Asks: 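Below you'll find the structure I mean.
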Amino acid sequence: MTKRQARLLVGLGRVQNRAGVSASGYLLARLVLAASDARWGRGISSPWWQAADLLVDSVRIDLANRPSASRLQLACDIADQQIATLQQEGRLEELAETMFAAGILRLDPHLGRPLLVHDGPSSHRARQIRFLQRQQVVTSSDCKECEGGDSEHLHDVLPHPADAALEALPYLYGAVGLSHGHLKGRCLAALNRALSVLTFEPEPREWLADMMWANSRVAADLIDPARDPITWTRMRRIVANHDDSTVPASLAQVLPLSLSELVEKHGVRVAWGTVHQALGLLRETGNRDQLRELVSAVHRELPTPPDREYLREVWESQIHVLPGDELSCPRLETVWEDVTTVPASVANNPERRAATTVHMAAHACLRGDPQLAIKLLEEAGLYAEPRAKEIREAITHLHANALAQAAAASQQDGERVEAIDHYGKSAWGYAVLGLRDLALYQLESMVDCATESSPSDAFNAVVNLRLVAPQMGTALFPDAAFALNTMVQRLLAATVTGDPSSDLLLALDITAKGLDLSLALTCTGPRPPAEILAGLLQRISELEGPPKQPALSRLDAIHEDLEMLCYAGIHERAAGNTDDEQLSNLRRSFDHQFSRRLYGLGRAHDLALVTVNDVTSSLPGDSVLISLFIGLESELTAGSTSDGRRSAALYVTTITDGAPHEHRVTRYESAAGGLIQMGQDSYAHTLHPLAPDVAGIRSAVRTDPLHRPVDRDAERYLDIDDLFGGLSDTLLRLHARGKRHLCFWAHGPYHYLPFPLLHVRGRPLGDMWTVTTIPSLACITEDKRSHTGHGLISLGAALGGAAWGQQPEPVLDEHARAVASRGKGTLLVGADANPASLLAHAQGARYVHVAAHGALPQEAPWFQCLYLNPAQPGEDGRLFAHNILTSDLRGVDLVTLSACESALGRFDVADNLRGLPAAFLMAGARAVVGCLWPVRTDAATYFFSELYDHLVTHHDTLGAFRHAQVVTREHFPQYQDWGTFVYHGGWTRPDERMR
């Protein structure tokens, strides 16, 4: 790296910060700092110096959204090094600028978000602590787990706001003394911000307010509004609140530049920050005409804000300028003596009466009477329905604020039932507005309240959580997934010690297990092509080539089976810059963006509240649903791991028609609760402590058993009572009642457990039951298909993957031909066995079979593929999971895949599956039969031929799978042969109820 290249990277980082992508600015700064320190040292002439400025600025911006004491300390240390150097060299002007930067670095994490006045730094700190609690994992290096509700348990929490302000004061006072003009004005404004934090303390000092007022007057005159419009507007706001003579007479006096000029010269983030201050100024001074004008201009001219919280000030202001509301609006510090009586002038006009009532509700909220605000909003409820989106959002925001205030008050008064109700409704309002952080804060407060209440109160909290969760986008936002998973675990641990209802446990399972996948399964069928990602796919294609050697794990301590059982997420990223590492990172980027787009298409209101009765009515009469949830043991049960942490626990619920539903909890004394994070060379995997056990089972059953069905050591791992705690007694009782079908709804690493091979009293489950799995209850409760396809398509891809290092396999064509013959289907081989041909034929078929090579790139499961034949020489014959989602497979009852590891994929923290099986199900297929590990061709040919021989006659997918499994085991008794085939999804039967 040359000096010029280093400075170009710093310039790019500044562009990223200006665009609101401070995380990228931080990474670029770290890169240049490391390179420059070794080459050119840390002097003022070195690129290190410019990179240091960039890092301090990036951390300052980023900490407001991603609090981290370690990153704050790094930035403070670097700024202090710069200050020491400047002091030695006597460069006073630069010293003033750097001391100013060091001061606001400590303040902005607490005041950098667009908070409303009544939020205060203490509210922001509480949200910071909640954020850190959501990020906590058990690390493999230090095994530290952060629990509890207070900051003392959090090793990366930021300093208290008051401590941060006190620490910033010496830097800011020093900067004030050294600076002049515009910089001095900014330093005085920053000094005010530090003092404002102290005024929120329990005993604010009068002299602080006087000092802030004096500083603001001077700063407002010194600051150049064209250079720092946010700070200039904020100073004008403070001055106007103390001196009526300075209240702006026109909108031109409020904004230093027009909205379009603000965006063009300073970027979207600064434009919205300036508008945030301007709206507050106009609202606080009661200037409704200018407020109405600015609100209208914001909706009309400003682009989407970088953070939805910027819209809160717009919504707050919108309420005071509603169409039809002609009521005078006092300054905000003025308390209306009567906000309960609608003026006679609007009493007979429904529209004006409703608008006025909403306005009155806003002032009731401001004077600390949330119950009155809620009552008034209920009276004006019809006003929101026909109105513009921005008005509906403003009223929803006001309602959520009132409910949040009411919830906190009710909890403080010990009225937990009302508090839980209000917290849930407030969270719903914030969630639909896209204010995820606020919604999570309300939900977490609700759970705090519920865990201290009765089981019936906890049930109300579960219902609220289940209603709000679909709005949270857990597949899109890992922090929301962590938070909701933790809340479910807490509620589960709080309720299982009594006699919890099956509906309560079911609601918790639905919330924590593949919620976004469930949403996607309510609207199966073709998804529009991801045109926006076409450029990324093109770049991936350019870097691809035949693999030079088998791909190795990025971690020395993790093998392939275990890597697959880790949570897919954005933390998996290679640190190097080789072509292979770039290719892996590009695939990860596509995978992440594709998941965001795919799950973002789900409609939260389409996911109905499912009850146990809904499940039993969807199950055949001989079926049992077995739901598994991996959580924490209850706080009320004795025991912990050797180092004092709560143990992991498995919650098992069995649901069936005609028999009592059962719940059991298995505590794993050797496994700590929480997650494990393993890292090496900036690469990290996150997994559950039970994942190694599943990986061990998968490995053991594939060990060559010589002349036995399964290796002796493997038998010890397969006992279902050891895994699921005494479940065999329940299963045998159910078998005696005629239950012959076990449907496992797995969780986390258990998704890829070979369930048919688990032992009950020394015999595999496959001996006595048909064993299937589902990734979501929607597979059996949301099947609303309007038609069924016709016939079988059987494809053999003998030449598939030749360009990617795969050897030709003529036996694959023979296999497909045998299946087509037994199933009386259409055969696709040779040039006809290409991706486009398969998808075209599949859209009219009832059954689809593919015999091909397969591959699962661990880093990007939407790139899991089947190696089909190219239609023309030189073409890419791979069919990727993401390609399948553009097809309409809603007439397909069953997809069968005779391909290595075709039943696998990955799952994220919210338990949404990714890969081939998930893609086929979301495209509309009712079920998928695939392989958990590489399979012998002769065993696969026998299994699928038998399956279709039975299916073509009976059209019973469960019966056909059961028949094929039984007869295949007779001919291929080793577990690794017949146990690789698994059934995933819903089913068809000649008589769906089979009483």
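Note that the coordinates shown come from a computational prediction; the quantities given were computed from them, not determined experimentally.
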Asks: With heavy-atom distances below 4.5 Å as the criterion, would you say the side chains of Phe100 and Leu172 are in contact?
Replies: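 Yes, at least one pair of side-chain atoms sits under 4.5 Å.
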Asks: Is there a donor in the side chain of Gln318 and an acceptor in the side chain of His397, or the other way round, less than 3.5 Å apart?
Replies: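 There is no such pair (donor and acceptor under 3.5 Å, judged by atom type) between the side chains of Gln318 and His397.
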Asks: Counting neighbours of CZ on Arg4 that are heavy atoms of other residues, nucleotides or ligands and sit closer than 6.0 Å, is the number greater than 12?
Replies: no
Asks: Considering all heavy atoms of both residues, which atom of Ala75 and which atom of Val56 are nearest to each other, and what is their separation?
Replies: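 Looking at all heavy atoms of both residues, the shortest contact is O-CG2, 3.8 Å.
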Asks: Under 4.0 Å between a side-chain nitrogen and a carboxylate oxygen: does that hold for Asp307 and Arg269?
Replies: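 No, this pair does not count.
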Asks: Are side-chain N/O atoms of Glu89 and Thr85 paired as donor and acceptor at under 3.5 Å?
Replies: no
Asks: What are the two closest non-hydrogen atoms of Glu301 and Ser260, and how far apart are they?
Replies: OE1-N, 4.4 Å
Asks: Can you tell me how the ring of Trp272 sits relative to the ring of Tyr310, calling it parallel under 30°, perpendicular over 60° and tilted otherwise?
Replies: tilted
Asks: Do Asp77 and Gln73 get their side chains close enough for a donor-acceptor pair, meaning under 3.5 Å?
Replies: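 A pair is found: one side chain offers a donor N or O, the other an acceptor, under 3.5 Å apart.
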Asks: Does anything in residues 20-35 pair up under side-chain hydrogen bond (donor to acceptor under 3.5 Å, both in side chains), and if so which pairs, sequence neighbours excluded?
Replies: Ser22-Asp62, Tyr26-Arg30
Asks: Looking only at atom types and distance, does a side-chain atom of Arg308 sit under 3.5 Å from a main-chain N or O of Leu433, one as donor and one as acceptor?
Replies: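 Present.
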Asks: Indicate every side-chain donor-acceptor pair of residues 220-229 with a distance under 3.5 Å to a residue at least two apart or in another chain.
Replies:
unit_1, atom_1, unit_2, atom_2, d
Asp224, OD1, Ala226, N, 3.0
Asp228, OD1, Thr231, N, 3.2
Asp228, OD1, Thr231, OG1, 3.1
Asp228, OD2, Arg186, NE, 2.7
Asp228, OD2, Thr231, OG1, 2.7

